[in-house]
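Reading through the structure tokens given below for one structure.
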Amino acid sequence: MAALRNTHKMARTLGTCCMLLALSFSSIASALPKPGLGEASAPNSVCQGGYVHEITGLVSIQRAGTKAIPAKVGDVFEKDTTFRTGPDEEAILKFADGQTVALGPDSALRIVRYCYLANNLEQSGTSMELIKGQMRVVAGLIGVSSPRNLHIAVGASMVRIQKTGGADFIVAVNPDPRESGYAVVQSGEISVRTPYGPILRIAAGQYVPWQPGRAPPRPIPFAASPAVVQASLAELLACVLPSNSPVTVASAALTAGVLAAASQVELAANDNTRLAGYVQAVTNSVAMQTRSGSSATASVGSTFEAGTSFDTGSDGRAVLQLADGQVLVLGPGSVLNIGQYQFDPAKVKASKMTVELVNGAMRFITGSIQTENRDGISISAGASIIDILNAGPADFTVVVDTRNQEVGVARVALGEISVHTPYGPIDRIKADQSNLWGPGKAPAVPVASALELIQAAVALQISGLPDTDPVAVASAAAAAGAIAQANQAQAAASADQNNARLAAEAKAAAELADQAAREAAAADEAVAAKIIAAELEALPPTAAGPALGQATAAAPPASSIPAVPVVTPGAGGGGAPVCTGSPC
């Protein structure tokens, strides 16, 4: 499994993403007479199609007669299938005859017809249309032995491989307002019939554009092409594509899916040892500052590492989720520092964190670190230190005003805490209880200030918070961002219900958000699997091995966060806690 994971880590992006090109065009040509080449063991009389070998970002797939849905690695496709990529998305498609297509960003490709018959290449054929964008094509057996059976439309232009032996080339097209495009050949030789005249021969290492208003020029060396073209094709040209040997589509697709799943486990673990958390929700303007001093405005989906501080300003709010599932809710006028944060799903008992509320209001809902290593958590509010006393989950709110002499309040919804204030300790605050602290003797805090503090604490008892299971930070952040974008697109479409473009954008955004949420859930499961595996490894060995069938399942975390009732403030300082809802 480790080997699979390492292989797939090499296959994450189009630039460094894929397995080595193991079979050259000449080796394919020499192997043609041999039956059962490579993995092509499917029934010889049955047409095979292709599968999605690799994806970067969110890519849509639309099969004949169906709506577009998010594509995933391992999806199988046949004729009349359309793929679309966004501005930062890319995809690699592998066909049964070994043909490979790398689809660049902001592109659309329709597989019009595809049929590979292992025992009858003359009856096999490919027909596809690049609607817009750019793609790299590496010919398989059809293009190598029967190039006349390979039809590639690029907008209104037509590309043909000129000689047997195959080709490796890139084509790009912009259909609006009138078609323009270009072609670059890596190996082999192609021709292009454009709306403005034919390009009879483009040899290896050459580039040629076409555009309205004039006949296409002669090909020139790609090294002499415009710098903007070279930059736009850098990733496609650098991509080392998978082998162009034939495959049995079903088994190859299954393998790709397994590799993708194995990679999710690896990436989730790696993300969570580097990233502390992400911004799950934000209202108004909230500033983020890293340990190095760089600043940014927090947005939904922003990730952060240890050493990051947040400032909500006069009217900002933020919900932060950390890798171990911990949730922090910040109210207006709050400054929070995430000091140390180390969470390793494989070593939860050794994980630790430091959180400092400099000023303002914070709701703190514990995650896995609290469950497995309570002593590894350090929480401060102003000059006060907060300790969680119970072993299980806890949910509490603390508000502190440090502008003059510190005053504060702590409210507990779940669990028990203590607070070591500058004025003495508050030994225990139980669930459904609150306690104020401030300078002097009782009444320690003026009534007006006490009411203001408690109102700020109550304001953080909001619904709609994420659950407290550990997350794969990067994918969870991406899902949160995609959902936020989908909500914005839907709001725009609702405000202008007669606008078909906005409606289509909202629909597409909703589908991509749904896919991102599913990918995040799968990655979260990978983190959970890592934790479970570590716990099983830590079990003491027995002669018969662990009796897993008799093991008692751990109680799941609370499915909802209990609401905290409004309380009446009482005396602060080091006195007894103010009790509501149950006896002290």
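Not measured: the values here are computed from a predicted model. Atoms considered below: every heavy atom in the structure, side chains included; atoms not considered: hydrogens, waters and symmetry mates. Start at 1 with the first residue, then count along the sequence.
- A donor-acceptor distance shorter than 3.5 angstrom exists from the side chain of Q370 to the backbone of G392, with no hydrogens or angles considered.
- Among all heavy-atom pairs drawn from A413 and A431, the shortest one is O-CB, 3.9 Å.
- Using modelled atom types, one side-chain atom of Q321 and one backbone atom of D467 make a donor-acceptor pair closer than 3.5 Å.
- Looking only at distances, a side-chain donor or acceptor of T312 sits under 3.5 Å from a matching main-chain atom of G331.
- In terms of heavy atoms, D524 sits closest to V471 at OD1-CA, 3.3 Å.
- Side-chain atoms of P332 and S314, non-hydrogen and from C-beta on, never get closer than 4.5 Å to each other.
- Between atom CD1 of residue I531 and atom CG of residue D469 there is a gap of 9.0 Å, rounded to the nearest 0.5 Å.
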Exercise for review: May I have the step-by-step check of side chain to side chain contact (heavy atoms under 4.5 Å, CB included) for V355 and M362, ending in yes or no?
Suggested key: CA-CA 11 Å; V355 173; M362 171 183 72; 4.0 Å; yes
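- Remark: the S368 side chain and the T371 side chain contain no N/O donor-acceptor pair separated by less than 3.5 Å.
- Applying the side chain to side chain donor-acceptor pair (under 3.5 Å) test to R291 and every residue at least two apart in sequence or in another chain returns nothing.
- Ring geometry for F396 against F364 counts as parallel: the plane angle stays under 30°, on a 0 to 90° scale with 60° as the upper cut.
- For D324 (side chain) and I369 (main-chain N/O), a donor-acceptor pair under 3.5 Å exists by modelled atom type.
- Panel note: side chain S351, backbone K347; a donor-acceptor pair is recorded below 3.5 Å.
- Contact annotation: the side chain of V473 never approaches that of F304 to less than 4.5 Å [non-hydrogen atoms, C-beta and beyond].
- In summary, E372 and K349 engage in a salt bridge, as defined by a charged side-chain N under 4.0 Å from a carboxylate O.
- Residues I429 and S418 have side chains not in contact (no heavy-atom distance under 4.5 Å, counting atoms from C-beta outward).
- In this structure, the side chains of L93 and F83 come closer than 4.5 Å at one or more pairs of heavy atoms.
- S299 contributes no side-chain N or O that, together with a main-chain N or O of S302, makes up a donor-acceptor pair within less than 3.5 Å.
- How far CZ of R317 is from CG of D315: 9.5 Å, rounded to the nearest 0.5 Å.
- To the nearest 0.5 Å, atom CG of residue N373 and atom CZ of residue F343 are 11.5 Å apart.
- Put simply, the side chain of S107 never gets that close to the backbone of T85: no donor and acceptor are under 3.5 Å apart.
- Closest of all the heavy-atom pairs between Y341 and M353 is CD1-CB, 3.5 Å.
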Exercise for review: Could you walk me through whether Y423 and E406 pass side chain to side chain contact (heavy atoms under 4.5 Å, CB included), step by step?
Suggested key: CA-CA 9 Å; Y423 319 112; E406 179 180 315; 3.7 Å; yes
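- With rounding to the nearest 0.5 Å, the separation of CD in E54 from OG1 in T56 is 6.5 Å.
- When every heavy atom of V319 is checked against every heavy atom of P466, the shortest pair comes out as CG1-CD, 4.2 Å.
- Between the side chain of N499 and the backbone N or O of R501, at least one donor-acceptor pair lies under 3.5 Å.
- Between P345 and V527, the shortest heavy-atom distance links the atoms CG-CG1, 3.9 Å.
- Side chains of T66 and Q62: a donor-acceptor N/O pair is absent below 3.5 angstrom, by distance only.
- Between the T366 side chain and the P393 main chain, no donor and acceptor come within less than 3.5 Å of each other.
- T421 places a side-chain heavy atom less than 4.5 Å from the side chain of I426.
- With hydrogens and angles disregarded, a donor-acceptor distance shorter than 3.5 Å links the side chain of R363 to the backbone of L460.
- Under the 4.5 Å side-chain criterion, counting only non-hydrogen atoms from C-beta, R411 is not in contact with V398.
- Considering every non-hydrogen atom in both A456 and A361, the closest pair reads O-CB, 4.3 Å.
- Side-chain polar atoms of S60 and E511 form no donor-acceptor pair below 3.5 angstrom.
- Note that CG of L502 is 5.5 Å distant from CG of D496, once rounded to the nearest 0.5 Å.
- N359 and T402 form a side-chain donor-acceptor contact under 3.5 Å, judged by distance and modelled atom types alone.
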Review point. Does the pair K352 and Q340 meet the rule for a side chain to side chain contact (heavy atoms under 4.5 Å, CB included), with working shown?
Key: CA-CA 7 Å; K352 50 192 173 181; Q340 183 183 36; 3.4 Å; yes
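- By the neighbour-count criterion of 12 heavy atoms within 6.0 Å, atom CD of E305 is densely surrounded, having more than that number from other residues, nucleotides or ligands.
- Looking at heavy atoms from C-beta onward, E416 lies in side-chain contact with R428 at the 4.5 angstrom threshold.
- Rounding to the nearest 0.5 Å places CD1 of I55 at 7.5 Å from CD of E519.
- Every residue was checked against the side chain to side chain donor-acceptor pair (under 3.5 Å) condition with N284, not counting sequence neighbours, and none meets it.
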Check your understanding: Checking side chain to side chain contact (heavy atoms under 4.5 Å, CB included) for the pair F310/L320: CA distance, chi angles, key distance, verdict?
Key -> CA-CA 10 Å; F310 294 86; L320 313 178; 3.7 Å; yes
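- The only option from T297, T308, D311 that meets the side chain to side chain contact (heavy atoms under 4.5 Å, CB included) definition with M288 turns out to be T308.
- Between T468 and V327 there is a side-chain heavy-atom pair separated by less than 4.5 Å.
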